[in-house]
Amino acid sequence: MEKKARIYVAGHTGLVGSALVRALNREGYLNLVMATHQEIDLTVQTDVSEFFACERPEYVFLAAAKVGGIMANIVYPAQFIYDNLMMEANIIHESWKNGVKKLLFLGSTCIYPQMARQPITEDALLTGPLEPSNAAYAIAKIAGLKMCQAYNQQYGTKYIAAMPTNLYGPHDHFNLETGHVLPALLRKFHEAKRQGRPQVVVWGSGGPIREFLYIDDLAEACLFLMNHYEGDKIVNVGTGSGISIAALADLIRTITGYEGEVVFDKTKPDGMPVKVSDVSYLKKLGWQAATDLRTGIGRTYNWFCRQGFAGD
Ligand code: GFB
């Protein structure tokens with residue numbers, strides 16, 4: 001990307017989009033195009049069509065998505081599949097119609113089969129049934145990456161698809177019901193400490209393994225791919241290492257300084273038993289994550305505390 005290029009960050013107020021804007025600014029890309037949800041509804045074709053015709057971006061980061069943790073995926077599957085399909089279809093199609101030079105689509109490692117061999121390589125895609133708790137979201141993300149590949153094949157576009165693992169960092173949503181595990185646990189332990197509660201309840205058995213990538217690392221990886229990658233193959237973006245939910249809870253307990261008891265609520269869903277990505281392809285391309293989990297959680301916790309109590 002040329003430093004003066006017009007770059008559209010779709011979803012710039014979210015966890016991923018805001019980190020992309022920070023990274024782009026840091027690297028001297030200042031000609032950014034952004035629009036809030038009040039200005040355009042990305043699920044509405046005419047809104048997106050008018051926006052592209054008027055703004056004419058040259059590069060697009062497709063970070064707009066309806067996202068949430070395991071419970072949000074279970075309770076709102078219709079919204080997850082509809083909103084994500086519509087946003088992707090509108091943005092990818094209008095990018096093509098308006099001659100966008102390059103687009104980066106952000107998927108998720110939940111596109112891979114529930115029982116995929118671990119760590120998960122990119123070629124595990126569509127080799128088995130999906131994890132039921134987030135199948136609707138995963139199907140939408142699979143459609144998005146397949147759309148990129150189809151447009152590349154038929155129209156010769158350069159659309160790339162990155163599959164980030166579980167993300168965390170400043171500007172996340174700290175909602176206890178609908179958020180992802182890491183921000184939800186940070187908030188639970190923080191509140192339990194402040195209120196002197198004797199117990200913190202962690203959902204599920206504590207046994208599932210997850211991989212967590214700090215959001216500023218993800219943003220760097222996206223810029224790296226946009227500038228150095230043109231392949232049609234999807235690319236995992238993660239750290240390559242996993243941690244159990246029980247060990248994550250213990251790490252967060254230490255970071256927040258909580259001294260009470262941790263109990264597991266086994267009536268709550270575990271989701272995918274193990275989800276750790278194989279990042280050797282991205283390493284071979286020349287990028288790897290820099291922020292270790294303890295450091296990343298520490299930074300996220302500092303940010304959360306600075307927001308006061310209203311984390312979501
Ligand atoms: O981040 P999370 O909600 O989603 O993590 P996934 C769920 C795991 O953390 C389950 C446990 O094993 C839960 O039992 N957990 C423990 C908790 N305590 C909590 C808590 O307080 N809140 C939450 N949310 N979980 C997501 C997908 O799957 O992965 C998304 O739902 C997305 O669509 C994302 O793809 C990358 O890691 O299971």
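In this chain, numbering begins with 1 at the start of the sequence shown. Treat the numbers as computed from the prediction; the structure is a model and nothing was measured. Note that ligands are numbered from 1 as they come in the structure, with each ligand's atoms numbered from 1 the same way. Any value given below was found using the heavy atoms of this structure, including those in side chains, with hydrogens, waters and symmetry copies removed.
Between the side chains of Glu211 and Ser241, no donor N or O sits under 3.5 Å from an acceptor N or O. Between the side chains of Asn31 and Tyr59, no donor N or O sits under 3.5 Å from an acceptor N or O. Ser205 and Asp270 share a side-chain donor-acceptor pair at under 3.5 Å. The closest side-chain donor-acceptor pair between Tyr301 and His190 falls under 3.5 angstrom.
Close approach of ligand 1 to Ser108 is summarised as follows: ligand atoms under 4.0 Å from at least one heavy atom of the residue are 35 (O), 36 (C). Heavy-atom contacts of Gly69 reach the following atoms of ligand 1: 3 (O), 31 (O) (cutoff under 4.0 Å). With ligand atoms numbered from 1 in the order given, ligand 1 contributes 35 (O) to contacts under 4.0 Å with heavy atoms of Cys110.
In this comparison of Arg210, Met272, Lys141, the heavy atom closest to atom 38 (O) of ligand 1 sits on Arg210. Proximity annotation for atom 16 (C) of ligand 1: of Trp203, Tyr137, Phe264, Trp203 comes nearest, heavy atoms only. Between Met71, Lys188, His180, it is His180 that holds the heavy atom closest to atom 34 (C) of ligand 1. Nearest-heavy-atom check against atom 33 (O) of ligand 1 across Ile209, Asn166, Asn73, Ile74 picks out Asn73.
Distance alone, capped at 3.5 Å, is enough to place a donor-acceptor pair between the Glu131 side chain and the Ser133 backbone. In terms of modelled atom types and a separation under 3.5 Å, the side chain of His180 and the main chain of Gly68 share a donor-acceptor contact.
For Gly68, the closest heavy-atom approach to ligand 1 falls below 4.0 Å.
Checked by distance only, ligand 1 and Ile70 come closer than 3.5 Å through their nitrogen or oxygen atoms. Of the N or O atoms in Pro269, one or more lie within a sub-3.5 Å distance of an N or O in ligand 1.
When heavy-atom distances to ligand 1 are checked against a 4.0 Å cut-off, Lys268 has no atom that comes that close, whether in backbone or side chain. At a heavy-atom distance under 4.0 Å, no atom of Glu131 approaches ligand 1. When non-hydrogen atoms are compared, ligand 1 lies under 4.0 Å from the backbone of Val181 as well as from its side chain.
Note: Tyr151 OH to Leu103 CG = 11.0 Å, rounded to the nearest 0.5 Å.
Under the 4.5 Å side-chain heavy-atom criterion for ILVMFWY residues, no single connected hydrophobic cluster contains both Ile7 and Phe52.
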